[in-house]
Amino acid sequence: MIGRPSRLLAALLATVLAAGCGATAEPGPQPWHGGRIFLATGNTTGVYYQLGGGYADVITRHLPGYEARAEPTGASVENINRLTSGDMEIAFSLADTAADAVQGRGAFEGQRQPVRALARVYSNYTHVIVRTDAEVTKLSELRGKRVSTGSPRSGTDIIAGRLLTAAGLDPDRDVRRATLSLPETVKRMRAGTLDAMFFSGGLPTPGVADLLSSAPGKYSLLPIVDLMEPLTARHGSVYTTAELPKDVYKTKSGTPTVTVANVILVSADMPDQLAYDLTRLLFAYQADLVGVHPEGGNFTRQSAAGTDPIPLHPGAARFYQGG
């Protein structure tokens, strides 16, 4: 990541320059955070990174005074931590992780995070992929197997742990758990040093597509909807189900799986007008996002406003209200 200069130093420098020029007029509104907007996305072979790059390009081209850049990260939990620390201005997150953040539970136990939503966007599909020679037909049969649950403290890592628990397994004791990025996970699946992997992503997820197309018949997607009852009993209605269509990865049949919405987050202290403008750009240039990845088209003005229990930023709320 490009080094970010101290905002205090930048402010002092601006004051000195103004004084040196004999400026007497009151300064007008200045771009928030110096006009630089960093977007926390996800693994480089995931949808967050692709869409984040497209959104950053839209912001840079169509929001005067701002330049945006998408940054690869470990995804949801890391993204929220970097957002609240001021290291990032926009963050992609799974809705279940974001709900934990605003309610101070899970990875954020006892520490409510001051995050707000701009929009609920497309849904992530939980991919559970197993090597066919591992002879695993349901999640409980992963006992003793080598399993990647995604990047450390990512949304994938969280939902993988919850699913393993729902299947009656201790994620840290009953499987040989590895917390790996998607590129590293795919590499190890190909090498045969992993038996199974989890990834929560949009359709198609490039890294998953590469793996499944590299050796047809060597890997299979595991159905997991039988775990919905224990999952929702413990974590509420944030999870839903859907079929992962067979044409997405050219599989023999569709795969019933667990889904969860994605949200775009900002800090609570973002200026209302900026939050309004950033939300507006999602819709004014949605076609540009679709050009980057098909999931860019899978939200509407009505669906995007449904971020509960994550509060909408007041600027975003004004956009949806037609203000």
Side-chain angles (χ1 to χ4, degrees), residues 1-2 38-57 68-83 87-98 100-101 107 121-130 146-164 171 177-191 193-194 196-214 219 221 244 248-249 257-265 289 292-296 298:
M1 183 191 303
I2 294 174
F38 285 78
L39 291 81
T41 60
N43 293 173
T44 55
T45 56
V47 178
Y48 278 179
Y49 186 67
Q50 291 192 323
L51 274 184
Y55 189 23
D57 186 54
R69 171 174 167 167
E71 291 286 327
T73 68
S76 298
V77 176
E78 178 186 334
N79 290 356
I80 291 172
N81 286 334
R82 295 180 72 175
L83 180 66
D87 189 43
M88 296 281 154
E89 284 71 41
I90 298 174
F92 283 74
S93 175
L94 287 173
D96 57 347
T97 306
D100 285 352
V121 285
Y122 66 98
S123 289
N124 265 19
Y125 287 66
T126 305
H127 302 69
V128 182
I129 303 171
V130 296
R146 302 164 297 177
V147 182
S148 172
T149 58
S151 297
R153 295 169 61 82
S154 65
T156 293
D157 192 33
I158 289 173
I159 193 170
R162 291 176 175 180
L163 284 165
L164 288 167
R177 185 178 192 173
T179 51
L180 305 170
S181 69
L182 181 56
E184 183 62 22
T185 295
V186 168
K187 179 181 177 181
R188 295 199 189 186
M189 286 287 285
R190 285 175 171 162
T193 57
L194 286 174
M197 61 170 282
F198 287 79
F199 192 76
S200 180
L203 302 181
T205 290
V208 171
D210 288 346
L211 175 66
L212 296 180
S213 65
S214 68
Y219 311 100
L221 287 156
L244 204 164
V248 173
Y249 299 114
T257 192
V258 172
T259 58
V260 59
N262 291 289
V263 288
I264 299 177
L265 304 174
L289 300 180
V292 171
H293 193 281
E295 292 288 18
N298 286 335

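The model shown is predicted, which means the values in this text are computed figures rather than measured ones.
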In Å, rounded to the nearest 0.5 Å, how long is the span from CG of Leu163 to OG of Ser200? 9.5 Å
At their closest point, which heavy atom of Pro171 faces which heavy atom of Gly161, and how far apart are they? CG-O, 3.4 Å
Is Asp210 salt-bridged to Arg190, cutoff N-O under 4.0 Å? no
Compare all side-chain heavy atoms of Leu194 with those of Leu180 and state whether any distance is below 4.5 angstrom. yes
How close do Thr44 and Tyr49 get, heavy atom to heavy atom, and via which atoms? O-CD2, 3.6 Å
Shortest non-hydrogen separation from Ala98 to Leu265 and the atoms involved: CB-CD1, 4.0 Å
Which residue, Asn43, Asn262, Asn79, forms the side-chain hydrogen bond (donor to acceptor under 3.5 Å, both in side chains) with Tyr48? Asn262
Any Thr257 side-chain heavy atom under 4.5 Å of Val128 side chain: no
Please lay out, stage by stage, how Phe198 and Thr185 fare under the test side-chain contact (heavy atoms from CB on, under 4.5 Å). CA-CA 9 Å; Phe198 287 79; Thr185 295; over 6 Å; no
Step-by-step side-chain contact (heavy atoms from CB on, under 4.5 Å) determination, Val292 to Tyr55: CA-CA 9 Å; Val292 171; Tyr55 189 23; over 6 Å; no
What is the minimum heavy-atom distance between Pro204 and Val47, and which atoms define it? O-CG2, 3.7 Å
Interatomic distance, CG@Leu211 vs NE2@His127, rounded to 0.5 Å, equals 10.5 Å
Compare every heavy atom of Thr205 with every heavy atom of Gly46, then report the nearest pair and how far apart it is. CA-CG2, 4.3 Å
Is it the case that the side chain of Glu78 and the backbone of Ser154 share a donor-acceptor pair, with hydrogens and angles ignored and the cut-off at 3.5 Å? no
Scanning both residues in full, the closest heavy-atom pair of Ala56 with Ala68 reads O-CB, 3.5 Å
Please check: side-chain N/O of Thr97 versus main-chain N/O of Val77, any donor-acceptor pairing under 3.5 Å? no
Would you call Gln50 and Pro206 a side-chain contact if the rule is heavy atoms closer than 4.5 Å? yes
Drop me the distance from Ser151's OG to Leu182's CG, to the nearest 0.5 angstrom. 8.0 Å
Would you indicate whether the side-chain heavy atoms of Val186 and Thr45 approach each other to under 4.5 Å? no
Does any non-hydrogen side-chain atom of Leu212 lie less than 4.5 Å from one of Leu221? yes
What distance separates Thr73 OG1 from Leu39 CG, expressed to the nearest 0.5 Å? 10.5 Å
Ring pair (Phe, Tyr, Trp, His ring centres under 6.0 Å), that's the test. Do His293 and Tyr122 meet it? Break it down for me. CA-CA 11 Å; His293 193 281; Tyr122 66 98; 7.3 Å; no
Gap separating the CG atom of Asp157 from the CZ atom of Arg177, nearest 0.5 angstrom: 4.5 Å
pair Phe38-Ile90: side-chain heavy atoms closer than 4.5 Å: no
Atom pair CZ (Arg82) and CD (Glu71), whose distance is rounded to the nearest 0.5 Å: 6.5 Å
